[in-house]
Novice: 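Dropping a structure here in C-alpha cells format, bear with me for questions.
Order of the sequence lines sets the chain letters (A, B, ...), proteins ahead of strands, with each chain counted from 1.
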There are 2 protein chains.
Amino acid sequence: MEVAPRPPATPASPTVITARELARHLGVSQSMVSRAFSPGASIAPEMRARVLRAAEELGYRPNVIAAALSRRRSSIVAIVMAELTNPFYPAVLEQLTEALQAAGLQSLLFTVPPGQPADSCLPLLRQYHVDAVVITSASLSSAGAAEWLGDGRAAVLFNRTAAGPTALDSVACDNLAGGRAAAEALLAQGRRRLAFVAGRADTSTSQDRERGFRAALAERGLPPPLRVEAGDFSYEAGHRAALALTGEADGIFFANDILALGGLDALRHESGLRVPADVAVIGFDDIPMAAWPAYRLTTLRQPVPAMVARAVELLQARLGGTAGPPRGERLPAELVARQSL
Amino acid sequence: MEVAPRPPATPASPTVITARELARHLGVSQSMVSRAFSPGASIAPEMRARVLRAAEELGYRPNVIAAALSRRRSSIVAIVMAELTNPFYPAVLEQLTEALQAAGLQSLLFTVPPGQPADSCLPLLRQYHVDAVVITSASLSSAGAAEWLGDGRAAVLFNRTAAGPTALDSVACDNLAGGRAAAEALLAQGRRRLAFVAGRADTSTSQDRERGFRAALAERGLPPPLRVEAGDFSYEAGHRAALALTGEADGIFFANDILALGGLDALRHESGLRVPADVAVIGFDDIPMAAWPAYRLTTLRQPVPAMVARAVELLQARLGGTAGPPRGERLPAELVARQSL
DNA sequence: AGCGTGATTGCATACGGATGCAAAGTCGCT
DNA sequence: AGCGACTTTGCATCCGTATGCAATCACGCT
C-alpha cells in the first residue's frame, strides 16, 4: 500500500469559520448559530441579529454539505441534458439555473449521450442525494422513474411527457395544438402537398407535433402528409430530410427549428428552390437564429420563461410536500409569423 | 413560532442502504465497506470483492455528501458561465461536463449576469465547498481570486487569461497568433482597408485578438485597422457594427463568430454588399453555424476538445497537490478556410 | 409570595463515511 | 518453536449542522 497517512486532512484555510467557532466567539451555543440561519426557528430576534452580524463580520456561511447531511436534503437539483447542441436547450438551461438559484437551489448538471435514456445517471443522482431532477431532452424509463420517486424526491420532465404509466410531473408546451397550428398556417397559404419532418422518432415532442399536424389535415378531409424521419434533431438531419423532400412537397413542417434551418439551407442552396415561393417552411421552438435575416423562419414559439417558472413551481410544491397527483402542464405555443411561408 | 416539530426527518426510503447496514449484513465493520470503495485503501482483495458484490446486490452506493463532509473534499467543480447565448459556450459546457464526469467530478453550474465579474457567486461557491472552479466567459477580480485560492482549492480560467498580478491557471487558445493569422489571411486576399470589430472590450479574448491583428499590420508597415466596438459578443452587436463599417472597409475581422454572423447578415441583407466579393469577413471560434451553407464563414477554430482536456488536467494536478506555479496554457488556433474571404 | 405559561437557550446526538491507531492474523525465516 | 515484519480488520472519533428535549428565564396573575 502506498498511500502515506496524511495529516488530519488538509488544514482548513484560516478564512473558513464553523458554526461552533462563531458560537464560541459570541459566547453562545452552536445551536443558536444554526437557528439564526433557519427561518422560523425558535430564536429571539435580538439574538438572531447578533449572530447574523457577527457572521457577516467573520465571514461565516453555513456549510451546505454538512447541512445537507444533517437535514437529509441537499438543495441541489440535477438537470439532465442531452442535446446541448440544439440551441433551444442552452436557453432553457440558463433560465432554469437562474430560476433555481433564485429559489435557493443549485443546479448539478448531468449530460447524457443523445438518444440514451436518462437512466444511466440515476446511480449518480442517488449518490449525490439531489432533491430533485429536471429531465430535459432525455427520457427516463418507467422503471427508472419508479426507482427514483418514492420518498421526498421530485422529478419534472421538461419539454417531454411521460411515456407509459409512471406518472411524473411534466411541463411542455402544447405540442398537439402547435402541430395543428402549423398545419393551419400552411393551409392558409394555399399549400396542399404537405410534409412532416420528424426528429428523433421516440420523443414525445416529435410525436405530438406530428399527431396534431395529421389531425388537422384529417379533420379537413385532406390526405396525410408526406413523412420523412430525420433521425435526430440536428441541422444536418434537417438538411438531408429536405433534400429527400425536394419536389415532393410545397409546404414542410419541421419538428423543430434546428431541423428547419438545415432544411431551409438545403432547399435554397442545394435544391435551388425559393422559400417561400416554391416551398413554405415552418418550424417549432423559436430559437434565436430563427429570427436572423438569413432565415426569417416562421415558427411556433415555446414559452420558455413560463415553462421554466412552472417547472420550478412544480418542483417546489413536490419538495414542500404540498402536491397532489402528478400534473402534466401544457402551455400554449405561439405562432411567430416571419418570411418562410 | 409556527413550525411543527417534524418526525425525525423524512423516513429514509427503504431502497437507500448505508455503509453500516451493508456492513452488518456482511458481518464486517463499516470501515471495510468504506475501504472497499477507496482505491488504494488497506483491504484484502477478497474482502473488497465480497463487499462490492454485496453492494451491487443491495444497491448500496456511498453517499457523496457524507463522504464530502468527512473527507473535506466534495468532488464537485463549479462551472461559472455567463454567455450561454453564444453558441461557443454550450459546446464547451457539454464537453467540460463530460470530461469532469469521466474524471469522477460533478459540475455545479453557476450563471452570472453577462458583464458581471464572477465574484458574485463566490459566497455560494464557498458554501458549497466546491473543490474547484472553472471560470468561462466571466472574469474574476484579483481580490476574488485571492480570496478563493489558498488551501487545496483550484481555479482555472477557460478562454480567459488572468488580468492583474493574481496568477491563476488558465487555458485559452493563442488569441494573439490567431489575430495575426486573421490579418495574414485578409492581406493574402489583397484586402487593404481592414477593420476590427471588438466584442466586450474588457475581455482578454477580444483584446488579444486585436493586438495580434494590429501587430501583424504594423510589422508590415501598414496602417492600423479601423475599429468598431460592438459592446458585447452577440449577433445583434455584430450586425450593428457591420452597418457602421459599410463602405469603410473591404476586410473585417470580427472578434468572434457570433459577431461575424451578425455582420455577415447585415452586409448581405442590409448593406447589399457581396461577401466576399465586396467585403471579406473572418471570425473566431468556429461555432457549428459558421459551417452552414447560409454563412460558410472563414474563421479561426478554437481547439475546444484539447482545451477542455488541458483544463481538466490542470485542475486535477492542482487538486492532487502536484502543481507548480500557475500556468497559462495557449493552444494554437487553426484557420478554417471557407467562403467568406 | 407562589405558580403557571410561553419564549429562549443549551445539551446531546444523529446524519453517513473516512481514517489514525491499535489489535489480530499471516508468513517466513532462523 | 519463536519472533519480527507486514497485512487486515475493527474501534473510536471527527467532519459541520440540525433538532428533539429538557432546562432556564421572564412575566403575569391569584
Side-chain angles (χ1 to χ4, degrees), chain A residues 1-13 16-24 26-51 55 60-75 126-129 151, chain B residues 1-13 16-24 26-51 55 60-75 126-129 151:
Chain A
M1 186 196 52
E2 13 100 49
V3 280
R6 316 178 202 164
T10 319
S13 121
V16 176
I17 300 281
T18 71
R20 243 182 277 278
E21 295 171 315
L22 215 211
R24 200 154 46 72
L26 285 169
V28 301
S29 72
Q30 176 259 322
S31 312
M32 285 301 103
V33 175
S34 172
R35 291 199 251 255
F37 283 89
S38 330
S42 165
I43 181 176
E46 318 81 59
M47 171 65 92
R48 165 170 280 147
R50 198 153 70 93
V51 172
Y60 168 78
R61 322 256 345 202
N63 178 334
V64 181
I65 302 276
L69 180 58
S70 177
R71 187 187 285 146
R72 282 128 148 270
R73 179 148 283 196
S74 62
S75 298
R126 286 187 37 210
Q127 282 200 276
Y128 276 87
H129 287 238
D151 90 298
Chain B
M1 183 197 52
E2 12 103 48
V3 280
R6 316 178 201 163
T10 320
S13 119
V16 177
I17 300 283
T18 71
R20 253 183 266 279
E21 294 170 314
L22 216 210
R24 201 154 44 70
L26 284 169
V28 301
S29 73
Q30 177 257 324
S31 313
M32 285 300 102
V33 174
S34 172
R35 291 198 253 254
F37 283 89
S38 328
S42 166
I43 182 177
E46 317 81 59
M47 170 67 89
R48 165 169 283 146
R50 198 154 72 94
V51 172
Y60 167 78
R61 320 260 343 204
N63 177 333
V64 182
I65 302 275
L69 180 58
S70 176
R71 189 187 287 148
R72 283 125 151 267
R73 176 149 285 194
S74 62
S75 299
R126 285 186 40 209
Q127 282 199 275
Y128 276 88
H129 287 238
D151 93 296

Novice: Under the rule for side chain to side chain contact (heavy atoms under 4.5 Å, CB included), what residues qualify as partners of B:A49, not counting sequence neighbours?
Specialist: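 Side chain to side chain contact (heavy atoms under 4.5 Å, CB included) list for B:A49, sorted by chain: empty.
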
Novice: Do B:R20 and C:dG17 have a side chain to base donor-acceptor pair shorter than 3.5 Å?
Specialist: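 Indeed, a donor on one side and an acceptor on the other fall under 3.5 Å apart.
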
Novice: Restricting to side chain to side chain contact (heavy atoms under 4.5 Å, CB included), what partner residues turn up for A:A67, sequence neighbours left out?
Specialist: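 Once residues adjacent in sequence are excluded, A:A67 has no partner under the side chain to side chain contact (heavy atoms under 4.5 Å, CB included) criterion.
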
Novice: Just how far, in rounded Å, is C1' of C:dG16 from CD of A:Q127?
Specialist: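 Taking CD of A:Q127 and C1' of C:dG16, I get 13 Å after rounding.
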
Novice: Does a side-chain heavy-atom distance below 4.5 Å link B:H129 with A:V64?
Specialist: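 When only atoms from C-beta onward are counted, A:V64 and B:H129 do not touch, as no gap falls below 4.5 Å.
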
Novice: Measure the angle between the two terminal helix axes of the helix from C:dA1-D:dT30 to C:dT30-D:dA1, five base pairs each, and quote it to 10°.
Specialist: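 Rounded to the nearest 10 degrees, the bend comes out at 60°.
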
Novice: Between D:dT17, D:dC11, C:dG10, which nucleotide has the shortest distance from any of its atoms to the side chain of B:R35?
Specialist: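 Among the listed nucleotides, the one closest to the side chain of B:R35 is D:dC11.
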
Novice: Counting side-chain heavy atoms from C-beta on, which of D:dG16, D:dT9, C:dT19 comes nearest to B:S34?
Specialist: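 Per side-chain heavy atoms of B:S34, the pick is C:dT19.
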
Novice: Taking for each residue the nucleotide of DNA chain D with the nearest heavy atom, is it A:T18 or B:S31 whose nucleotide lies nearer the 5' end?
Specialist: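 This one resolves to B:S31.
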
Novice: Write down the atom of A:L69, the atom of B:N63, and the distance for their closest heavy-atom approach.
Specialist: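 What the structure gives for the nearest pair is CD1-ND2, 4.4 Å.
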
Novice: Is the shortest side-chain N/O distance from A:R71 to OP1 or OP2 of D:dT17 below 4.0 Å?
Specialist: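 It does not, given that no N or O in the side chain of A:R71 lies less than 4.0 Å from OP1 or OP2 of D:dT17.
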
Novice: Please list, one pair per line, the donor and acceptor atoms closer than 3.5 Å that link side chains of residues 16-24 of chain B to other protein atoms, with sequence neighbours excluded.
Specialist:
{"residue": "B:T18", "atom": "OG1", "partner": "B:R20", "partner atom": "N", "Å": "3.4"}
{"residue": "B:T18", "atom": "OG1", "partner": "B:E21", "partner atom": "N", "Å": "3.3"}
{"residue": "B:T18", "atom": "OG1", "partner": "B:E21", "partner atom": "OE1", "Å": "3.4"}
{"residue": "B:E21", "atom": "OE1", "partner": "B:T18", "partner atom": "N", "Å": "2.8"}

Novice: If you round to the nearest 0.5 Å, how far is CD1 of A:I65 from OG of A:S75?
Specialist: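 The CD1 atom of A:I65 is 11.0 Å from OG of A:S75, to the nearest 0.5 Å.
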
Novice: Could you state the CG-P distance from A:L22 to C:dG10, rounded to the nearest angstrom?
Specialist: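 In whole Å, C:dG10 P and A:L22 CG are 13 Å from each other.
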
Novice: List for me each residue that meets side-chain hydrogen bond (donor to acceptor under 3.5 Å, both in side chains) alongside A:R61, sequence neighbours excluded, and say none if there are none.
Specialist: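 If we apply the side-chain hydrogen bond (donor to acceptor under 3.5 Å, both in side chains) test to A:R61, skipping adjacent residues, the hits are B:Q127.
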
Novice: Could you state the CD1-P distance from A:I65 to D:dT17, rounded to the nearest angstrom?
Specialist: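 Atom-to-atom, A:I65 to D:dT17, this comes out as 11 Å.
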
Novice: From CZ of A:R24 over to P of C:dC11, roughly how many Å is that when rounded to an integer?
Specialist: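 These atoms are roughly 14 Å apart.
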
Novice: Counting only side-chain N and O atoms of B:S70, is one of them less than 4.0 Å from OP1 or OP2 of C:dG17?
Specialist: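 Indeed not, no polar side-chain atom of B:S70 lies that close.
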
Novice: Of the non-hydrogen atoms in B:S74 and A:Y128, which two are nearest, and what is the gap between them?
Specialist: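 Minimum heavy-atom separation between B:S74 and A:Y128: O-OH, 4.4 Å.
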
Novice: Within the pair B:R72 and D:dG16, is there a side-chain N or O less than 4.0 Å away from OP1 or OP2?
Specialist: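 Result: yes.
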
Novice: C:dG25 P sits how many Å from B:E46 CD, rounded?
Specialist: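 That distance rounds to 16 Å.
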
Novice: What is the distance, rounded to the nearest whole Å, between atom CZ of B:R48 and atom C1' of D:dT8?
Specialist: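 Atom CZ in B:R48 sits about 12 Å away from atom C1' in D:dT8.
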
Novice: Between A:G27 and A:A66, just flag the one whose closest nucleotide in DNA chain C comes earlier from the 5' side.
Specialist: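 Its nearest nucleotide being more 5', the pick is A:G27.
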
Novice: Quick one: label B:V33 by what it contacts on the DNA or RNA (base, sugar-phosphate, nothing), any heavy atom closer than 4.0 Å.
Specialist: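 Here B:V33 touches no strand at all.
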
Novice: Under 4.0 Å between a side-chain N or O of B:Y128 and OP1 or OP2 of D:dG16?
Specialist: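 For D:dG16, neither OP1 nor OP2 has a side-chain N or O of B:Y128 closer than 4.0 Å.
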
Novice: Over how many whole Å does the gap from A:M32 atom CE to C:dT8 atom P extend?
Specialist: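 Atom CE in A:M32 sits about 10 Å away from atom P in C:dT8.
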
Novice: Roughly how many Å is it from CG in A:L69 to C1' in C:dG17, rounded to a whole number?
Specialist: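 From A:L69 CG to C:dG17 C1': 9 Å.
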
Novice: Does OP1 or OP2 of C:dG10 have a side-chain N or O of A:S29 closer than 4.0 Å?
Specialist: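 Yes, because at least one side-chain N or O of A:S29 sits under 4.0 Å from OP1 or OP2 of C:dG10.
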
